[in-house]
Amino acid sequence: MTVTSAPRRILVALAVVCLAVAAAPVAATADPGGTTLTWTVQPAGASGPDGRRWIERTLDPGQGVTEHLAVRNFSDTTVVFALKAADGYLTDKGRFNMLASDQTSVDGGTWIAVQDRVTVAAGETKVVPFTITVPGGATPGDHPAGIAATVTSAGGTVNVESRVGFRVMTRVSGTVTAALPVKDLTVAYTPSWNPFSGGTVRVRYTVTNDGNAWATGKSRVAVAELFGLTGRGGTTDVEELLPGGTRTVEARVGGVWALGHLRTTVDVTPALLGGDQAGADLRPTSATVTTWALPWPQLALLALVVGLALAIRAVRRRRRRRLALLLEHAREEGRASATAPQAAQAS
């Protein structure tokens with residue numbers, strides 16, 4: 001929930017669960033004037049809720065369609081709800097939201113026309129029609145929006161707006177494209193201090209939806225080592241992105257032996273979400289970066305082994321020299337003992 005303060009400004013408590021990710025509608029709760037209010041909003045048909053989590057429609061430029069929403073009041077009192085539509089976007093955490101009431105919509109939110117207010121008795125569900133009308137010059141692709149039922153609570157010098165709603169995804173017919181180019185690719189290698197185990201390559205990059213459609217994708221990271229003789233890799237899911245949206249992706253590839261030259265390649269294959277996918281232009285993208293890394297644990301082990309070998313060799317040499325000196329000393333003593341009796345007889 002996000003609440004900001006400013007004199008005489010509508011504060012938006014983003015209980016906007018426009019995501020409608022769950023199959024069941026999510027309820028919002030407000031407490032204006034000490035009265036607890038709880039309600040839900042969900043897509044509906046003319047006779048009531050129809051089980052959809054959000055609304056997706058594909059329309060031609062200039063075409064309009066009538067849809068419905070259902071507002072259910074769980075409170076113990078009659079409530080007058082304001083109905084509002086606005087452009088939609090994804091938050092940094094990947095959750096769908098709609099612009100606050102003090103922000104101006106310029107796209108799909110302006111295509112939705114709905115009555116300003118609806119009065120719903122305690123325990124009652126009201127179905128309200130609304131229209132989606134695509135302008136004649138609308139560009140092909142997805143134009144996200146949200147529609148919500150709101151309650152505004154007066155609180156001294158500020159008002160607090162609580163709202164709940166769902167997303168409305170309008171796709172304008174025409175050539176639909178999905179492209180998720182890789183940007184700002186960085187690679188860092190962390191060696192394993194176990195000399196018998198490879199290290200880890202940490203990859204970080206951003207993908208931007210340069211297409212005109214709601215998309216996701218598969219990202220594959222491949223690390224070539226030993227100058228391309230061997231390689232390792234892994235696959236990561238790219239979270240949903242609306243047109244123009246950006247997402248930071250991080251991945252790890254383990255068991256990599258850093259023997260100098262590391263070539264890391266990221267391939268992203270996009271996939272459309274929602275709507276008719278026939279004839280879509282899906283554009284795979286790729287980026288490569290080359291880094292150099294040294295196997296310090298292995299080099300340390302090699303230095304240790306070489307040092308031990310040299311030390312053992314030196315010890316053996318000293319032992320051989322000592323043994324040679326002892327043998328020479330013994331020979332000299334033997335020669336001395338052999339010549340001593342002869343010298344005595346001669347005297």
Side-chain angles (χ1 to χ4, degrees), residues 180-208 217-239 246-269 284-347:
L180 304 175
V182 179
K183 301 177 181 179
D184 303 323
L185 174 60
T186 60
V187 174
Y189 178 77
T190 302
S192 170
W193 295 110
N194 176 0
F196 301 101
S197 176
T200 301
V201 171
R202 290 174 171 81
V203 182
R204 180 184 175 92
Y205 55 96
T206 60
V207 290
T208 301
K218 288 284 187 182
S219 170
R220 175 164 179 78
V221 178
V223 180
E225 49 191 332
L226 295 177
F227 296 93
L229 296 178
T230 62
R232 293 179 179 272
T235 301
T236 303
D237 290 328
V238 178
E239 296 181 8
T246 298
R247 181 86 58 214
T248 298
V249 182
E250 296 183 354
R252 295 185 179 186
V253 179
V256 176
W257 296 95
L259 299 177
H261 183 273
L262 290 179
R263 181 182 175 86
T264 304
T265 301
V266 178
D267 297 306
V268 179
T269 303
T285 58
S286 180
T288 299
V289 65
T290 299
T291 54
W292 288 83
L294 292 176
W296 295 113
Q298 290 75 22
L299 291 176
L301 177 61
L302 178 61
L304 178 62
V305 170
V306 171
L308 287 174
L310 293 175
I312 293 171
R313 182 180 179 183
V315 169
R316 286 179 176 175
R317 284 182 175 178
R318 284 196 299 268
R319 286 179 178 177
R320 284 197 296 268
R321 285 196 298 268
R322 183 179 179 185
L323 180 59
L325 290 173
L326 290 174
L327 289 174
E328 182 62 25
H329 183 67
R331 291 191 190 99
E332 290 179 356
E333 288 184 346
R335 285 193 294 268
S337 61
T339 56
Q342 296 176 359
Q345 291 176 0
S347 62

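What you see is a predicted model; the values in this text were computed from it and never measured.
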What's the spacing between [X] [atom1] and [Y] [atom2] if we round to 0.5 Å?
| X | Y | atom1 | atom2 | answer |
| --- | --- | --- | --- | --- |
| R263 | T290 | CZ | OG1 | 5.0 Å |
| L262 | Y189 | CG | OH | 7.0 Å |
| T248 | E239 | OG1 | CD | 10.5 Å |
| Y205 | T264 | OH | OG1 | 11.5 Å |
| T269 | K218 | OG1 | NZ | 10.0 Å |

Nearest non-hydrogen partners of V289 and L185, listed with the distance:
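It is CG1-CD2, 3.8 Å.
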
Closest non-hydrogen atom pair, V221 against A251:
CG2-CB, 4.1 Å

Would you say that more than 12 heavy atoms from the other residues, nucleotides or ligands in this model lie under 6.0 Å from the CZ of R204, or not?
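No - once you tally the heavy atoms of other residues, nucleotides and ligands closer than 6.0 Å, there are 12 at most.
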
Decide yes or no for R313 and R316: does some side-chain heavy atom of the first lie under 4.5 Å from some side-chain heavy atom of the second?
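Heavy-atom side-chain distance check fails, nothing below 4.5 Å.
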
Give a yes or no answer on whether the side chain of T206 reaches the backbone of K183 with a donor-acceptor pair at less than 3.5 Å.
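Side chain of T206 to backbone of K183, a donor-acceptor pair under 3.5 Å: yes, one is there.
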
Only one of T265, V182, D267, V187 passes side chain to side chain contact (heavy atoms under 4.5 Å, CB included) with T288, and that residue is T265

